[in-house]
Amino acid sequence: MPLIGLCDCNNFFVSCERLFRPDLKDRPVIVLSSNDGCVISRSNEAKAIGIPMGEPFFKVEGIVKAYKVHVFSTNFPLYEDISKRVHAVIRAHAPETEDYSVDESFFSLDIAALRSPEAYARTLGETIRRWVGVPVSIGLAPTKTLAKLAAEYAKKHAETNGVHRLEPGAELDALLERTPVGDVWGVGRRYADFLNRCNTGNARKLRDKPDDWLRRHLTIRGLQTGWELRGVSCIPIRTTDPPQKSIQVSRSFGAPTTMIEPIREAVTTFVSRGAEKMRAQGMRARVLHVYITTSRFHPPVTCPVGRMTFEAPASYTPTLVTAALDVLDEIFVRGEWYVKAGIGLSEFSEEGQRQLFLPGASLDPQEDDRRTRYMEAVDRINRVLGQDAIRPAAMPARGKESGWGPRRDHESPETTEHSLR
DNA sequence: TCTGGGGTCCTAGGACCC
DNA sequence: TCTGGGGTCCTAGGACCC
């Protein structure tokens with residue numbers, strides 16, 4: 001039976017920022033979400049002084065000043081770059097790996113071939129620390145769900161040296177009993193509330209619920225979670241990424257607006273970004289969604305959504321932008337204060353799969369080829385010269401947005417998205 | 001005053017057909 | 001006029017993850 005490992009980077013975004021600011025070691029540090037909205041990563045020191053995860057920044061500004069907490073605006077391109085390096089080290093040390101998220105990888109270990117899986121995992125963690133520079137915690141267990149709990153244990157207990165292994169037995173039973181049910185992978189806030197009302201407040205009680213009860217109240221996923229807590233693996237490691245099914249691009253505005261002009265600019269920018277990402281995967285979309293929304297903190301919320309379905313799947317930015325702006329015109333209502341807009345691309349087909357030529361419905365093949373080659377050239381130039389060297393006329397350069405652009409008051413000059421290229 | 005962004009999956013219910 | 005069952009497809013909503 002293989003052992004499943006989970007490698008989880010500690011305080012990942014803060015750890016990334018500290019790579020460029022070694023002076024911030026042992027200091028309280030936080031990283032904010034887009035638009036400087038919420039706290040999304042905290043150093044141990046920031047956790048210790050009571051800054052909660054996900055808290056709106058304005059609510060913690062007092063404590064930030066009092067304790068001289070260092071604050072960073074988000075720099076996602078940097079975190080993705082570091083993430084790739086961590087994933088690569090793990091891939092070089094385990095037969096099967098799954099890049100599960102920006103700061104986590106699952107991997108398998110062949111127990112028979114290793115004298116001590118724990119020692120092997122400790123070496124792996126040490127290698128990541130030396131080669132990439134970020135600290136990690138590693139959990140080992142027969143299932144993904146237990147590996148998550150093991151990694152969490154390792155993170156909280158210094159004496160584990162960053163690695164903890166869980167196997168079914170009395171020790172695991174005791175750990176599950178101490179674990180609030182909401183800390184189990186797959187149990188979110190809604191289910192945790194429900195389970196607490198059902199006198200199932202810890203992981204052990206969840207594990208011991210009958211199958212039909214789990215299936216009935218928590219769907220097939222809850223049943224899988226129950227089995228995984230018992231040590232029966234039913235969520236396999238995915239070594240290849242399945243093709244993506246949708247692409248979303250959305251942003252909150254730096255300030256609310258009642259005008260359509262800045263929103264047109266925003267939607268143009270989002271479609272352009274989404275289309276570029278889609279083409280990078282060799283895909284075209286049949287469906288485009290556009291939405292705008294008023295603040296969810298000031299009801300009543302209005303969030304009109306419109307969609308466009310293309311007869312022939314599209315990846316050509318001008319086609320997508322034109323369609324998106326038409327949809328925006330349809331859904332936009334005067335007099336509302338909008339705080340955010342977004343677009344979605346979905347129902348993909350592969351670029352190479354030519355549609356049947358239907359006069360009036362699709363492009364003639366020559367024109368289609370011309371547009372495809374044109375977008376390939378644009379994407380290539382933008383990759384070399386930096387993002388947005390060539391962009392739609394209606395799309396502003398970064399930092400030149402007409403009012404809707406995000407707030408980034410804590411950007412660090414030395415960790416721009418090009419710093420590592 | 002200020003409250004993130006990007007994904008996937010599952011289920012129920014309605015429409016429609018035979 | 002009344003009566004039924006089963007299948008598929010689509011969508012919206014809700015749940016979860018990071």
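Small disclaimer: the values here were computed from a predicted structure and weren't measured. So that the names make sense, note that chain A is the first sequence line, chain B the second, and so on, each numbered from 1. All values below were derived from every heavy atom in this structure, side-chain atoms included, with hydrogens, water molecules and symmetry-related copies excluded.
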Next item on the list: For the pair Arg273(A) and Asp388(A), find out whether any cationic side-chain nitrogen is under 4.0 Å from an anionic carboxylate oxygen.
Entry: yes

Next item on the list: Look at all strands and tell whether Glu55(A) reaches a base, only sugar-phosphate, or nothing, counting heavy atoms closer than 4.0 Å.
Entry: nothing

Note to self: For dT3(B) and Ser295(A) - does any side-chain N or O of the residue sit under 4.0 Å from the phosphate oxygens OP1/OP2?
What the structure shows: no

Notebook entry, point to check: Sub-3.5 Å donor-acceptor pair from the side chain of Asn202(A) to the main-chain atoms of Arg204(A), do we have one?
Noted result: yes

Item checked: Member of Arg279(A), Arg391(A), Arg371(A) meeting the side-chain hydrogen bond (donor to acceptor under 3.5 Å, both in side chains) criterion with Thr317(A) -> Arg279(A)

Item checked: Protein-nucleotide distance (Phe297(A), atom CZ; dC2(B), atom C1'), rounded to Å -> 10 Å

Margin query: Regarding Val39(A), tell me which of base, sugar-phosphate or nothing describes its non-hydrogen contacts under 4.0 Å with the strands shown.
Written below: nothing

Notebook entry, point to check: Are Arg129(A) and Glu126(A) ion-paired here, with the side-chain N under 4.0 Å from a carboxylate O?
Noted result: yes

Notebook entry, point to check: Is the distance from OP1 or OP2 of dG6(B) to the nearest side-chain N or O of Ser250(A) less than 4.0 Å?
Noted result: yes

Next item on the list: Could you check whether Lys245(A) gets within reach of a base, just the sugar-phosphate, or nothing at all, counting any heavy atom under 4.0 Å?
Entry: sugar-phosphate

Next item on the list: Quick one: label Ile247(A) by what it contacts on the DNA or RNA (base, sugar-phosphate, nothing), any heavy atom closer than 4.0 Å.
Entry: sugar-phosphate

Check: Touch check for Glu104(A), heavy atoms < 4.0 angstrom, all strands: base, sugar-phosphate only, or nothing?
Finding: sugar-phosphate

Checklist line | Nearest-Å distance once atom P is located in both dC18(C) and dT3(B) | finding: 25 Å

Checklist line | Nearest-nucleotide pick for Thr219(A), side chain only, options being dG6(B), dC10(B), dC18(C) | finding: dC10(B)

Next item on the list: Report the distance from atom CZ of Phe13(A) to atom P of dG5(B), rounded to the nearest whole Å.
Entry: 13 Å

Checklist line | Distance in angstrom units between Asp183(A) CG and dC18(C) P, rounded | finding: 11 Å

Checklist line | Ile51(A) CD1 to dT3(B) C1', straight-line distance once rounded to whole Å | finding: 16 Å

Checklist line | Selected nucleotide, minimal atom distance to Cys38(A) side chain, candidates dG4(B), dG7(B), dC2(B) | finding: dG4(B)

Item checked: Side-chain H-bond candidate by donor/acceptor type, Ser105(A) with Arg91(A), under 3.5 Å -> no

Next item on the list: Would you indicate which nucleotide in dG4(B), dT11(B), dC16(C) comes nearest to any side-chain atom of Ile40(A)?
Entry: dG4(B)

Item checked: Pair assignment for dC18(B), Watson-Crick or G-U wobble, requiring both distances under 3.5 Å -> dG5(C)

Checklist line | Proximal nucleotide (of dG5(B), dT8(B), dC16(C)) relative to the Arg190(A) side chain | finding: dC16(C)

Notebook entry, point to check: Counting any heavy atom closer than 4.0 Å, what does Tyr191(A) reach on the DNA or RNA strands: base, sugar-phosphate only, or nothing?
Noted result: sugar-phosphate

Next item on the list: Check every strand shown and say whether Arg215(A) touches a base, only sugar-phosphate, or nothing at a heavy-atom separation below 4.0 Å.
Entry: sugar-phosphate

Check: Any sub-3.5 Å donor-acceptor pair from Asp8(A)'s side-chain atoms to Lys148(A)'s backbone N or O?
Finding: no

Next item on the list: Could you check how far CZ of Phe348(A) sits from P of dT8(B), rounded to whole Å?
Entry: 8 Å

Check: Taking only side-chain nitrogens and oxygens of Lys277(A), does any of them come within less than 4.0 Å of OP1 or OP2 of dG7(B)?
Finding: yes

Item checked: First of Lys340(A) and Ser246(A) reached from the 5' end of DNA chain B, by closest nucleotide -> Lys340(A)

Next item on the list: Rounded to the nearest angstrom, tell me the gap between atom CZ in Arg189(A) and atom C1' in dC17(C).
Entry: 15 Å

Margin query: Measure CD/Gln248(A) against C1'/dT8(B) and give the value in whole Å, please.
Written below: 11 Å

Notebook entry, point to check: Taking the nucleotide of DNA chain B with the closest heavy atom to each, which residue, Pro242(A) or Phe57(A), is nearer the 5' end?
Noted result: Phe57(A)

Notebook entry, point to check: Whole-Å distance between dC16(C) C1' and Gln224(A) CD?
Noted result: 12 Å

Note to self: For a quick check of understanding: with a heavy-atom distance under 4.0 Å over all strands, which category does Asp36(A) fall into, base, sugar-phosphate or nothing?
What the structure shows: nothing

Margin query: Can you see if the side chain of Arg407(A) gets near the phosphate of dG4(B) - specifically, an N or O under 4.0 Å from OP1 or OP2?
Written below: no

Next item on the list: Consider the side chain of Arg221(A), meaning its heavy atoms from C-beta on, and name the nucleotide among dG4(B), dC9(B), dT3(B) that approaches it most closely.
Entry: dC9(B)

Check: Considering only side-chain heavy atoms of Arg251(A), which listed nucleotide, dC9(B), dG4(B), dG6(B), is closest?
Finding: dG6(B)

Margin query: Classify Lys148(A) by what it touches in the nucleic acid, base, sugar-phosphate, or nothing, heavy-atom distance under 4.0 Å.
Written below: sugar-phosphate

Margin query: Once you measure the plane-to-plane angle for Trp404(A) and Phe253(A), does it fall in the parallel (<30°), tilted (30-60°) or perpendicular (>60°) bin?
Written below: perpendicular

